[in-house]
Amino acid sequence: QVQLVESGGGLVQPGGSLRLSCAASGFTFSIYAMSWYRQAPGKERELVASITNTGANTNYADSVKGRFTISRDNAKNAVYLQMNTLKPEDTAVYYCNVKIRGRVYWGQGTQVTVSS
């Protein structure tokens, strides 16, 4: 079965950094694009970043462009989200995502809280 497990979240001060990890299993990781989404309290889940199967191309939400970097290591079946210059508006549960044959799969999420 498809499994996505996020880790690396926590409490950080504005301007700080965090690196999220997503460990994937149950599918051929290297042939699928991967994405990070986030959901803040009371808001809809939004796409943060995505990366193609080889890592050759990436895409970012305007709100995180220049601050966040998505990457992947196909040898480790892992995708990462390096988050720098964090803002309180980045506070959310962050989810790893993959779409396989039209079906969307999610991890359990990891909480990121940016606060003084």
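As the structure is a prediction and not an experimental result, all values here were calculated from the model. Keep in mind that the numbers below use all heavy atoms, side chains included, and drop hydrogens, waters and symmetry copies.
Between C96 and V79, the closest heavy-atom pair is SG-CG1, 3.6 Å. Taking both residues in full, the closest heavy atoms of T91 and V114 are given as OG1-N, 2.9 Å, listed atom of the first, atom of the second, then distance. Considering all non-hydrogen atoms of both residues, Q111 and V93 come closest at NE2-CG2, 3.3 Å. Minimum interatomic distance between A49 and L81 (heavy atoms only, all atoms of both residues): CB-CD1, 4.2 Å. Minimum interatomic distance between P14 and S116 (heavy atoms only, all atoms of both residues): CD-OG, 3.5 Å.
Looking at heavy atoms from C-beta onward, F27 lies out of side-chain contact with N77 at the 4.5 angstrom threshold. Under the 4.5 Å side-chain criterion, counting only non-hydrogen atoms from C-beta, T54 is not in contact with R72.
Residues satisfying the salt bridge (Lys or Arg N to Asp or Glu O under 4.0 Å) test with K43, not counting sequence neighbours, are none. Listed by chain and residue number, nothing satisfies the ring pair (Phe, Tyr, Trp, His ring centres under 6.0 Å) test with Y105 (two or more places apart in sequence, or in another chain). Evaluation of the salt bridge (Lys or Arg N to Asp or Glu O under 4.0 Å) rule for E89 yields no partner, not counting sequence neighbours. Under the side-chain contact (heavy atoms from CB on, under 4.5 Å) criterion, T85 pairs with R67, not counting sequence neighbours.
Between the side chain of D90 and the backbone N or O of S63 there is no donor-acceptor pair closer than 3.5 Å. Looking at R38, its side chain never comes within 3.5 Å of a backbone N or O of V112 through a donor-acceptor pair. A donor-acceptor pair is defined here as one N or O able to donate and one able to accept, closer than 3.5 Å; such a pair exists between the side chain of E6 and the backbone of G109.
Applying the salt bridge (Lys or Arg N to Asp or Glu O under 4.0 Å) rule to pairs touching residues 96-116 yields nothing, sequence neighbours excluded. Listed by first and then second residue, the side-chain hydrogen bond (donor to acceptor under 3.5 Å, both in side chains) pairs that reach into residues 14-37 are S17-N84, sequence neighbours excluded.
Once rounded to the nearest 0.5 Å, the distance linking CZ of R45 with CH2 of W106 reads 5.0 Å. Atom-to-atom distance recorded for I70:CD1 and N57:CG is 12.0 Å, nearest 0.5 angstrom. Atoms CE and CG, on M34 and N74 in that order, are 10.0 Å from each other to the nearest 0.5 Å. To the nearest 0.5 Å, atoms CG (L20) and CD (Q82) are separated by 8.5 Å. Atom SG in C22 sits 7.0 Å away from atom CZ in F29 (nearest 0.5 Å).
No chain of hydrophobic side-chain contacts below 4.5 Å, direct or via other Ile, Leu, Val, Met, Phe, Trp or Tyr residues, connects V64 to Y95. Cluster membership for L47 and V104, using ILVMFWY side-chain heavy atoms within less than 4.5 angstrom, is shared. Residues V2 and V5 do not share a hydrophobic cluster, defined by chaining ILVMFWY side chains whose heavy atoms lie under 4.5 Å apart.
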Criterion side chain to side chain contact (heavy atoms under 4.5 Å, CB included) on Y80 and I51, from CA distance to verdict: CA-CA 10 Å; Y80 309 97; I51 187 167; over 6 Å; no
